[in-house]
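Every chain is numbered from 1, with letters handed out A, B, ... down the list of sequences. Nothing here was measured: the structure is a model prediction, and the numbers come from that model.
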Number of protein chains: 2
Amino acid sequence: MSLNKELDLDQPIEDVRHEAVLNIVRTATVLSMKGVALFRRFGLTEAQFNVLFALKYKTRDWTQSDLGRRLVVTRASVTSVLDKLEDKGLVKRVTVHGNRRIYHVILTRKGLDLVNQVEPLYREGIHRVLACFDDAQCRRLIAQLERIRERTSRED
Amino acid sequence: MSLNKELDLDQPIEDVRHEAVLNIVRTATVLSMKGVALFRRFGLTEAQFNVLFALKYKTRDWTQSDLGRRLVVTRASVTSVLDKLEDKGLVKRVTVHGNRRIYHVILTRKGLDLVNQVEPLYREGIHRVLACFDDAQCRRLIAQLERIRERTSRED
DNA sequence: GGGATACTGTTAGAAGTCAAACGGTTTCGG
DNA sequence: CCGAAACCGTTTGACTTCTAACAGTATCCC
């Protein structure tokens with residue numbers, strides 16, 4: 001449904017670029033809320049799932065800073081989310097010999113089991129939502145979004 | 001830049017639909033942060049700007065619930081943002097004769113002046129970011145995103 | 001009329017986000 | 001070798017968001 005209908009706007013958005021931006025943001029929100037509803041069934045928040053999911057697929061040790069770079073959040077945010085996950089016993093901070101500043105973050109057995117339980121439903125949801133797009137269409141969409149990010153980041 | 005490079009992933013995302021979803025969310029975040037940086041120069045948060053902007057273009061009186069529907073946030077969120085804006089004198093809650101439950105929300109002179117000051121920079125930013133897209137491309141992108149939202153919302 | 005129902009705005013509490021500041025550690029350069 | 005600079009994780013404080021519950025009003029229907 002168009003944003004004009006969806007938001008029941010008195011007067012339609014006249015600027016097509018503005019409408020495009022609002023559509024991107026709105027779509028991201030809708031997708032995100034879909035995820036939130038799923039994760040919630042497993043007692044997780046979106047941020048918490050993102051951490052577990054990222055940790056599952058890492059191929060080398062990650063510090064909290066690494067995790068922050070990967071998830072594009074600040075170190076402060078990582079600290080707060082890890083505290084919650086550690087309380088639940090899903091994740092562990094491991095001290096590192098030879099560098100007392102950092103921790104390595106690892107999934108516990110319980111954390112791995114949980115992410116393995118959620119992940120198939122997560123992937124399934126994504127495929128349902130994008131079922132009407134073939135691979136080429138997806139790649140075209142991705143390329144467009146990359147171009148937008150490129151222009152947004154450049155000219156800081 | 002591709003997400004694989006941008007996030008410096010050890011192993012690339014293999015699922016193109018997953019990559020598409022991550023791209024949408026990431027692009028929305030980048031656009032949003034661009035806005036945050038702009039609004040900040042005027043002492044506003046994104047949520048606060050969104051309220052001012054919506055109020056500027058309303059054509060009839062809006063209650064707080066109306067505003068929530070328009071911005072797709074809960075009534076509780078509206079209350080909290082309006083409290084801040086009212087403290088700054090940018091917005092006013094007006095009691096309504098004949099219905100003691102509701103307020104009508106209006107811009108003050110100061111609020112209108114401020115939004116008029118920010119809006120051109122906001123629009124300019126959007127146009128810079130999407131300058132490489134012609135109108136037809138924008139409309140195609142919008143149509144794609146609408147289809148995704150459609151599928152996401154259906155099958156609640 | 002009067003009770004049940006629905007709606008409105010607020011509050012409380014949980015969670016995430018960021019920026020900024022701080023204290024410990026490394027690292028680097030002179 | 002030692003001070004300066006960089007880095008790392010944490011804390012604090014501000015802000016947004018949500019859900020859930022609440023109290024006050026309106027509305028609807030019998």
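For R40(A) and dT19(D), the CZ to C1' distance is 6 Å, given to the nearest whole Å. Spacing between atom OH of Y103(B) and atom C1' of dA26(D) amounts to 16 Å, rounded to whole angstrom units. For L44(B) and dA14(D), the CG to P distance is 18 Å, given to the nearest whole Å. We find that CG of L67(A) is positioned 12 Å from P of dT10(D), with the value rounded to whole Å. Between the P atom of dG24(D) and the CZ atom of R100(B) lies a distance of 11 Å, rounded to the nearest Å. Taking atom CD of E46(B) as the reference point, atom C1' of dT16(D) lies 10 Å away to the nearest angstrom. D83(A) has its CG atom 14 Å from the C1' atom of dT12(D), to the nearest Å. Between L85(B) atom CG and dT16(D) atom C1' the separation is 13 Å, expressed in whole Å.
Residue K92(B) places its NZ atom among 12 or fewer non-hydrogen atoms of other residues, nucleotides or ligands, all under 6.0 Å distant. Under a cut-off of 6.0 angstrom, the local environment of CZ in R40(A) is sparse, with at most 12 non-hydrogen atoms contributed by other residues, nucleotides or ligands.
Judged by distance alone, the side chains of R149(A) and T27(B) do bring a donor and an acceptor atom under 3.5 Å apart. Donor-acceptor pairing under 3.5 Å is recorded for the side chains of S77(A) and T74(A).
Nucleic acid contact for A47(A): sugar-phosphate only, since backbone atoms but no base atoms lie under 4.0 Å from a heavy atom of the residue. Contact annotation for T74(B): base contact, defined as any heavy-atom pair under 4.0 Å involving a base atom. Residue contacts shown for V73(B) are limited to sugar-phosphate atoms, with no base heavy atom under 4.0 Å away. Note on T45(A): only backbone sugar-phosphate atoms sit closer than 4.0 angstrom, heavy atoms only; bases stay farther off. Within the nucleic acid shown, T63(B) comes within 4.0 Å of sugar-phosphate atoms alone, with no base atom in reach, counting heavy atoms only. Residue-level contact check: V81(A) touches the backbone only, with heavy atoms under 4.0 Å from sugar-phosphate atoms and none from bases. As judged by a 4.0 angstrom heavy-atom cut-off over every strand, Q48(A) is placed among residues touching the sugar-phosphate backbone only.
Under the rule for a salt bridge (charged side-chain N to carboxylate O under 4.0 Å, His left out), D87(B) has no partner lying at least two apart in sequence or in another chain. Scanning for salt bridge (charged side-chain N to carboxylate O under 4.0 Å, His left out) contacts around E124(A) gives R128(A), with sequence neighbours left out. Take D134(B) and apply the side-chain hydrogen bond (donor to acceptor under 3.5 Å, both in side chains) test, not counting sequence neighbours, and it matches no residue.
Proximity of K84(B) to the phosphate of dT16(D): a side-chain N or O atom is located under 4.0 Å from OP1 or OP2.
For a distance-only test at 3.5 Å, the side chain of R75(A) qualifies as a donor-acceptor partner of the base of dG9(D).
Side-chain contact between R70(A) and K58(A): absent, with no pair of heavy atoms (C-beta onward) separated by less than 4.5 Å. Residues V81(B) and K84(B) have side chains not in contact (no heavy-atom distance under 4.5 Å, counting atoms from C-beta outward).
Taking for each of S80(A) and R101(A) the nucleotide of DNA chain D with the nearest heavy atom, the 5'-most of the two is the partner of R101(A).
Put simply, chain A comes within 4.0 Å of DNA chain C, heavy atom to any atom, from dA15(C) to dT26(C), going 5' to 3'.
Taking the centre of each ring, F53(A) and H18(B) come in below the 6.0 Å mark.
The stretch residues 90-98 of chain A has no heavy atom under 4.0 Å from DNA chain C, so no residue of it qualifies as close.
Put simply, the side chain of E86(A) gets close to the backbone of R93(A): a donor and an acceptor are under 3.5 Å apart.
Relative ring orientation between F39(A) and F49(A) is described as parallel, the plane-to-plane angle staying below 30° on a 0-90° scale split at 30° and 60°.
Linking Ile, Leu, Val, Met, Phe, Trp and Tyr residues whenever their side-chain heavy atoms come within less than 4.5 Å places L31(A) and F133(A) in a single cluster.
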Checklist entry - What pattern of brackets, bars and dots sums up DNA chain D from 5' to 3', given Watson-Crick or G-U wobble pairs under 3.5 Å, [ ] for crossing pairs and | for another strand? => result ||||||||||||||||||||||||||||||
